[in-house]
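Data first, discussion second: the structure below is written as structure tokens.
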2 protein chains.
Amino acid sequence: MGRNRTKSGKIRLAEVAELAGVSPITASRFFRNPEALSVAKRTRVESAARELGYVPNLAARALASQRTEVIGVLIPSLTNNVFSDVLRGIYDASENSRYSIQLSNTRYSILQEEKLLRLFLAQKPAGLIVTGIDQTTESRAMLDAADCPIVQIMEIGPNPVDMMIGFSHYDAARAAIAHLFAQGHRKIGFVGARMDPRVQRRLDGYVSAMKDAGLFEQRLVVTTATPTSVTLGGALFTDLLAREPGMDAVFCANDDLALGVLFECRRREIAIPEQIAIVGFNDLEFMASAVPTLTSVRTNRYEMGNTAATMLIDAIDGRRPEHPVLDLGFKVIERQSSSPRRADNRPAVSGAGAANKMVALPSGHD
Amino acid sequence: MGRNRTKSGKIRLAEVAELAGVSPITASRFFRNPEALSVAKRTRVESAARELGYVPNLAARALASQRTEVIGVLIPSLTNNVFSDVLRGIYDASENSRYSIQLSNTRYSILQEEKLLRLFLAQKPAGLIVTGIDQTTESRAMLDAADCPIVQIMEIGPNPVDMMIGFSHYDAARAAIAHLFAQGHRKIGFVGARMDPRVQRRLDGYVSAMKDAGLFEQRLVVTTATPTSVTLGGALFTDLLAREPGMDAVFCANDDLALGVLFECRRREIAIPEQIAIVGFNDLEFMASAVPTLTSVRTNRYEMGNTAATMLIDAIDGRRPEHPVLDLGFKVIERQSSSPRRADNRPAVSGAGAANKMVALPSGHD
DNA sequence: GTCTGTGCTGGTAGCGCTGTCAACGTTCCT
DNA sequence: AGGAACGTTGACAGCGCTACCAGCACAGAC
């Protein structure tokens with residue numbers, strides 16, 4: 001018995017097999033495909049493993065089987081709370097599987113992404129989750145050649161590498177603008193930061209909606225490459241206001257910016273929504289509790305991460321999903337900051353948590 | 001040449017060695033300890049590896065060397081933005097090392113932590129980062145027995161397992177209350193959510209400061225086990241106000257709660273700081289840009305993660321730090337929400353980014 | 001000239017597990 | 001009854017790398 005023990009004192013599969021009275025390979029099978037064993041041996045191996053406190057050596061398994069049980073995840077930012085929700089979904093889904101998550105941060109650089117992709121692929125991951133649909137041609141070639149399932153998350157578009165889950169940022173922005181139109185707003189500004197591909201598509205959606213209505217003007221758009229923040233929202237709004245004092249609404253590319261605009265309005269004593277309406281994007285938790293409560297476009301971030309990881313794991317295990325491209329849609333959550341103008345300029349006292357009118361839309365593909 | 005190629009088409013060390021005209025073991029040494037090679041062989045192996053695009057097989061290395069290049073990280077939450085800053089620091093520090101991060105979420109459960117710890121330790125990590133100092137005795141025993149460097153982060157306390165980096169939440173809370181006392185406040189409420197050990201210590205600091213001043217009353221404290229949120233801040237503050245309408249300040253266990261209190265005050269038309277002062281904790285970005293700007297206790301979260309990972313990697317590589325326990329301290333950032341009462345009840349128009357008065361304190365050890 | 005020490009290099013023997021294939025016993029069909 | 005088909009089991013041979021130890025050449029000490 002002792003002779004089967006590792007030098008390091010760890011219990012090996014051989015020892016479990018010996019105690020169970022089976023060959024090592026049978027014990028090995030127990031951990032990979034228990035159904036293949038007879039019930040008698042299965043229970044024998046199981047109890048032997050438990051008795052000895054056996055923990056498989058993943059390195060040996062990876063070496064022998066020529067594959068790992070690692071899911072690589074490439075996201076552009078760890079700071080942005082949008083990704084923390086997605087990540088939580090991914091980790092939750094991976095928790096009860098035998099796969100572990102290997103996370104890397106591309107810092108919004110597709111070159112960095114390419115480099116990380118090369119690194120990941122060299123270790124033969126079981127699967128890969130990548131953000132967005134804008135990869136370098138080199139990255140794209142690597143992804144196409146990869147022999148593991150891949151999920152692209154955050155948005156949907158044509159030509160998926162493999163699986164895809166997200167929504168149309170373009171349509172979501174158009175829906176936000178349509179909502180503002182419906183409330184009677186016309187001079188609608190756009191405030192955006194970071195300007196990654198998804199924010200860019202929101203801008204595109206805004207531009208097209210405004211053009212469709214014959215209301216687009218370049219000076220209504222203020223953007224910057226700087227990372228987003230609440231403070232930045234106030235600063236960009238200040239710029240916008242200087243360019244176009246007659247503006248009656250602002251569409252913010254994310255909720256942090258929207259909060260910054262809210263505070264800046266308060267600082268300038270601009271009434272919301274009477275003088276200026278605000279719409280954010282993502283529907284972070286605080287939007288429902290701000291004063292006034294802030295309208296936003298709800299995106300299903302946790303669900304996105306969770307479903308992506310679940311789909312990926314299923315695909316790794318050979319259960320490919322029926323629909324490899326999944327549109328999670330979005331909802332425009334209408335709140336006080338964009339409600340129709342009223343005579344009473346004060347927000348309701350019990351504003352937080354008040355029933356939110358919702359407009360749900362699946363985003364159009366392509 | 002071809003015969004050294006893996007079935008999978010990957011280049012092995014043996015092939016690099018052959019091209020370089022050295023033995024495999026010499027090539028192996030090149031990657032682990034280049035200084036041990038003569039300059040001639042070093043350059044030969046280097047160029048051979050580059051020419052072939054060699055990428056080491058980590059599983060084989062781990063199996064043969066009986067150790068991994070994985071740093072395990074155990075944090076209680078992925079949602080809390082406090083941890084996203086810490087994580088960013090950790091990932092940044094690991095990026096240019098050969099170690100990779102394996103992250104797991106304990107969900108604020110020390111039992112879950114114990115389970116994960118067992119899992120991690122079984123894979124022989126190169127190092128471990130764990131959150132806080134409140135482990136189960138079983139966990140503590142495992143950590144003590146672990147044969148890898150360990151860093152405890154987020155707080156400091158007696159009996160470090162190995163290394164430790166953080167600050168005293170107790171002292172930080174006392175400093176916040178001292179600041180409020182200095183501004184003339186007396187009836188100071190406490191609002192806390194989640195009540196993990198660190199929040200509990202902030203509460204302890206609050207209680208002791210209030211007792212020292214002979215001002216403590218149990219009904220000034222409102223806490224809940226519910227996870228924190230902005231909305232919850234408003235709700236808890238509402239409770240507090242119902243219990244003690246005469247309150248003149250609130251110390252919030254974190255900034256989300258503080259923002260919720262701010263909005264609730266606005267909803268109730270309570271003037272800040274004239275009627276009630278607010279102090280938060282962590283100094284998230286939005287605190288400087290709220291209206292009025294919100295006082296908070298700044299904690300060095302990114303630096304904490306970054307330094308923890310750097311210390312850990314150094315220790316793994318045999319360079320143990322001079323001081324295994326590092327107190328990163330904190331700063332009370334005084335802003336409008338706790339400024340002395342003024343006749344003018346309106347906040348300054350250019351409030352955001354206005355010079356912040358700071359009170360820096362190292363937290364006392366133990 | 002012999003001995004010891006140092007710097008570099010290579011051979012051997014696994015690390016712990018799994019893929020492949022063959023073999024076994026049993027059942028079911030013709 | 002004979003044979004095919006199936007389910008179950010085990011032997012063998014590595015997966016790609018590194019720990020360990022031995023060996024070599026050379027330098028310096030006696």
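Because only heavy atoms are used, hydrogens play no part in the values below, and waters and symmetry mates are left out as well, while side chains stay in. Every chain is numbered from 1 and lettered A, B, ... according to where its sequence line falls, protein lines coming before strand lines.
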Exercise for review: Ignoring backbone atoms, establish whether B:S65 has a side-chain N or O less than 4.0 Å from OP1 or OP2 of D:dC17.
Suggested key: no

Review point. Does OP1 or OP2 of D:dA19 have a side-chain N or O of B:R32 closer than 4.0 Å?
Key: yes

Practice item. Classify the nucleic acid contact of A:F30 as base, sugar-phosphate or nothing, counting any heavy atom under 4.0 Å across all strands shown. Key: nothing

Review point. Between A:R320 and A:D162, is the closest basic N to carboxylate O distance under 4.0 Å?
Key: yes

Review point. Which nucleotide sits closest to the side chain of A:I25: D:dA11, D:dT18, C:dG10?
Key: D:dA11

Practice item. Assign each of B:V22 and A:P56 to its nearest nucleotide of DNA chain C by heavy atoms, then name whichever residue's nucleotide is nearer the 5' end. Key: B:V22

Point to revise | N/O (side chain, A:T26) to phosphate O (OP1/OP2, D:dT9) under 4.0 Å | key: no

Exercise for review: Please report, rounded to the nearest Å, how far the P atom of D:dT9 is from the CZ atom of A:F31.
Suggested key: 15 Å

Exercise for review: Write down the distance between CG (A:L37) and C1' (C:dT18), rounded to a whole number of angstrom.
Suggested key: 14 Å

Check your understanding: OP1, OP2 of C:dG7 versus side-chain N and O of B:S38: anything below 4.0 Å?
Key -> no

Check your understanding: Can B:E138 and B:R118 be counted as an ion pair, charged N to O under 4.0 angstrom?
Key -> yes

Review point. Does CD belonging to A:E35 count more than 12 external heavy atoms closer than 6.0 Å?
Key: yes

**Study point:** Protein-nucleotide distance (A:L63, atom CG; C:dG19, atom P), rounded to Å
**Key:** 12 Å

Review point. Can you find an N or O donor on one side and an acceptor on the other, under 3.5 Å apart, linking the side chain of A:R29 with the base of C:dG19?
Key: no

Check your understanding: Would you call B:D134-B:R140 a salt bridge at under 4.0 Å N-O?
Key -> no

Review point. Are B:R67 and D:dA19 close enough that a side-chain N or O sits under 4.0 Å from OP1 or OP2?
Key: yes

Exercise for review: Starting at atom CD of A:Q66, determine the distance to atom P of C:dG19, rounded to an integer number of angstrom.
Suggested key: 10 Å

Review point. Is any side-chain nitrogen or oxygen of B:K41 closer than 4.0 Å to OP1 or OP2 of C:dT9?
Key: yes

Review point. Could you state the CD-P distance from A:E69 to C:dC17, rounded to the nearest angstrom?
Key: 13 Å

Practice item. Please state how far atom CG in A:N33 lies from atom P in D:dG10, giving the value in whole angstrom units. Key: 16 Å

**Study point:** Integer-rounded Å distance: C:dG11 P and B:L13 CG
**Key:** 14 Å

Review point. Which whole-number value in Å describes the distance from B:R42 CZ to C:dC8 P?
Key: 9 Å

**Study point:** Check ion pair B:R107-A:E95 (N to O, under 4.0 angstrom)
**Key:** yes

